Amino acid sequence: MTNTYVAVDIGASSGRLMLSQLKDGKMSLKEMHRFTNGFSFKQGHDRWDIDHIIKEILLGLEKIKQAGYPDISLGIDTWAVDYVLVGKDGKKLEDPISYRDARTNTAIKDLTARVSKEKIYQKTGIQFLDFNTLYQLFKEDKDLLAKTDKIMMIPDYIGYVLTGKAVSEVTNASTTQMLSLREGLFDKNLLKEVNVKPEQFPKLVDAGTPLGKLDKSKFSKYDLPDTDLITVASHDTASAVVGSPGMGHHWAYLSSGTWSLIGTELNVPENGSKAFAENYTNEWGAYGTYRFLKNIMGLWMIQCVRREFNNKYSFSELAEKASTVKPFQQFIDVNDKRFENPKSMISEIKNYCRETGQQIPESPGEICMAIYSNLALFYAQQIQKLNDILGYKIDTLNIVGGGSNVALLNQLTATISGIDVYAGPDEATAIGNLTVQMITKGDILNVYLARRIISDSFDIKKYLPQEEKYHRIFEEYKEFMQKIHQKSN
Ligand SMILES: Nc1ncnc2c1ncn2[C@@H]1O[C@H](COP(=O)(O)OP(=O)(O)O)[C@@H](O)[C@H]1O
Ligand SMILES: C[C@H](O)[C@H](O)[C@@H](O)C(=O)COP(=O)(O)O
Ligand SMILES: [Mg+2]
């Protein structure tokens, strides 16, 4: 009997349940349910509606049962760093706060006044993002923390609600910036800095660990399949990396969704001085690997612009409009903090161009081309930084996630970076989630064979570098950014 696998992949903008079966060396993929995700301002903070997310998952599972799949394997992956505080009665104390909430705006400065950045990076190898769990807990309500029995990362919490079993899966636990590279445990001194006791985190488990059965008696109003949960690479980006086809010799990935995560897969962490200076991270990957990567603002910027046009245009219409505009008309540091959660992304982009004496984009096409152009420039610069830090040349970039659907961005990236770009699968995160389940159940031997199956099973397009003339523009961009950063330091 063919095993049926379901991935629950919840990104910052959307959640989806994807069903797969393995037949004749090919992975099928069927979207069974999709829902929008997002945060809203409640009780003084930007918060996720975790009960809505769980309800949508149950609705999706009911659709799967009614579609004739009575018995499935299930894995859950979501965005990183955020957590749910669970009380002694086993129930959440409040809705989880989003990483884009303002509470951590000064947290790195405040905490690193007590523990140096160098020490934290030497211990953890994790990039400094002000919303890492370490800083969220540092700013957490002390009374709430005192009432907390367990601190569960988002996917672990969802698995706990469905099965009653609580774990801390390591790929997502590493994004807390509290896991020590040496011992592979939550670092006691960093926990102390944020008033957390070691036992407040559930036990650490590797990706691929069976979790338990969905307790259907808790959800009797739903007609659910018999469901065996497996703890997959529960940080969605870790699943995206597993689901990357890995085209090329020294290949890099770009998980392109709400965020763009660019990097490569290492077997040993790289937390030396160059990596520290460039704020690269060593998030843990599946199967003992490390995700040596950097967070880039990503298509969040496009999502904000689309919302500000009252969702009048689809994402593909916005990309279409952008393609009618000349590229590289402005140089914008897409990773400037001002773009992290602005009231108006369009105003912030225009103000940036005004303040730096550049042509101001006006139309939807001009604004989106300014974003796409500068994402491509930022990606290309990061490829060069990866080459410098790692000491070898990245020869291929695998773009996966929703952003791999943007042919314009794929081509701009290939042209500016000067390396081959393979684009797809767009649902690599779900595919990586499914892959870990299939390896755990013995349907696939290992991730290397899985990547061969993935490249055989899904549409992957190739983009070649073109138009040498843009190389001068890339040099001008790097000079421009150097001047801007010198001015701000
Ligand atoms: N057909 C398309 N044309 C243009 N952009 C697209 C298309 N499909 C997806 N995208 C882009 O991909 C993004 C969503 O990527 P996805 O990986 O689903 O995000 P997440 O997992 O963060 O929710 C959208 O915000 C949009 O910018
Ligand atoms: C805050 C984290 O860096 C963020 O969650 C990122 O790692 C991530 O998970 C991106 O996933 P999306 O699918 O939301 O882009
Ligand atoms: Mg995603």
Side-chain angles (χ1 to χ4, degrees), residues 7-16 18 31 34-39 48 53 77-83 96-101 104 126-136 153-155 171-172 174-177 233-241 243 253-263 279 281 283-285 291 293-307 311 313-323 335 340-341 345 368 371-372 375 399-410 423-433 461:
V8 175
D9 167 31
I10 305 173
S13 71
S14 59
R16 65 290 259 162
M18 307 296 287
E31 181 178 299
R34 180 177 284 267
F35 56 94
T36 53
N37 188 28
F39 53 82
W48 303 101
I53 289 173
D77 71 77
T78 77
W79 68 96
V81 303
D82 292 345
Y83 54 84
I97 294 174
S98 162
Y99 58 79
R100 292 195 197 268
D101 184 76
T104 55
I126 294 295
Q127 64 186 320
F128 289 86
L129 297 170
D130 49 19
F131 46 66
N132 287 345
T133 316
L134 175 63
Y135 310 112
Q136 292 194 46
M153 304 304 281
I154 299 287
T171 68
N172 209 22
S174 70
T175 70
T176 63
Q177 201 172 22
S234 66
H235 176 198
D236 54 6
T237 306
S239 274
V241 173
Y253 49 74
L254 170 64
S255 175
S256 177
T258 302
W259 286 88
S260 297
L261 298 311
I262 194 164
N279 201 27
T281 202
E283 289 172 354
W284 296 24
R291 295 176 285 128
L293 64 81
K294 184 183 196 68
N295 270 53
I296 303 169
M297 205 58 77
L299 296 168
W300 156 255
M301 298 177 80
I302 296 284
Q303 291 168 8
C304 292
V305 166
R306 178 171 180 250
R307 253 196 310 275
N311 296 327
Y313 309 108
S314 70
F315 288 124
S316 43
E317 283 166 339
L318 286 173
E320 188 50 44
K321 287 178 180 298
S323 63
N335 262 16
E340 204 169 277
N341 193 11
M345 183 64 78
C368 290
I371 293 169
Y372 289 133
L375 285 174
I399 299 180
V400 298
S404 68
N405 292 310
V406 193
L408 165 71
L409 181 53
N410 299 334
D426 59 353
E427 291 296 351
T429 302
I431 291 164
N433 175 325
K461 294 186 176 64

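We count ligands from 1, going down the list as the structure has it; atoms in each ligand are counted the same way. Just so we're clear, the structure is a prediction, and the values are computed from it rather than from any experiment.
Closest approach of T429 and D236 over heavy atoms only: CG2-O, 3.2 Å. Nearest heavy atom pair, residue V406 against residue A319, reads CG1-CB, 4.0 Å.
In this structure, the protein non-hydrogen atom closest to atom 9 (O) of ligand 2 is D236 OD1, 2.4 Å. Closest to atom 1 (N) of ligand 1, if we only count protein heavy atoms, is N405 CB, 3.8 Å.
Within the 4.0 Å heavy-atom criterion, neither part of E317 lies near ligand 1. The proximity of N295 to ligand 2, defined as any non-hydrogen pair under 4.0 Å, is limited to the side chain.
Near S13, with a cut-off below 4.0 Å to any heavy atom, the atoms of ligand 1 are 19 (O), 20 (P), 23 (O). Under a 4.0 Å criterion applied to the non-hydrogen atoms of G403, ligand 1 contributes the atoms 12 (O). Each of the atoms 22 (O), 23 (O) of ligand 1 lies under 4.0 Å from some heavy atom of A12. Residue S316 approaches ligand 1 through these ligand atoms, each under 4.0 Å from one of its heavy atoms: 3 (N), 4 (C).
Backbone and side-chain nitrogen or oxygen atoms of D426 are examined, and none is located within less than 3.5 angstrom of a nitrogen or oxygen of ligand 1. Close N/O approach between A319 and ligand 1 is not found [any backbone or side-chain N/O within under 3.5 Å].
From T171, atom OG1 reaches atom CD of E283 across 8.5 Å, with rounding to the nearest 0.5 Å.
No side-chain heavy atom of F131 sits less than 4.5 Å from a side-chain heavy atom of N341.
Between Y99 and W300, the distance from one ring center to the other does not fall under 6.0 angstrom.
Within the 4.0 Å heavy-atom cutoff, H235 counts among the residues contacting ligand 2. Contact between E427 and ligand 1 is absent, with no heavy atom of the residue lying under 4.0 Å from the ligand. Ligand 2 lies out of reach of W300, whose nearest heavy atom is not under 4.0 Å from it.
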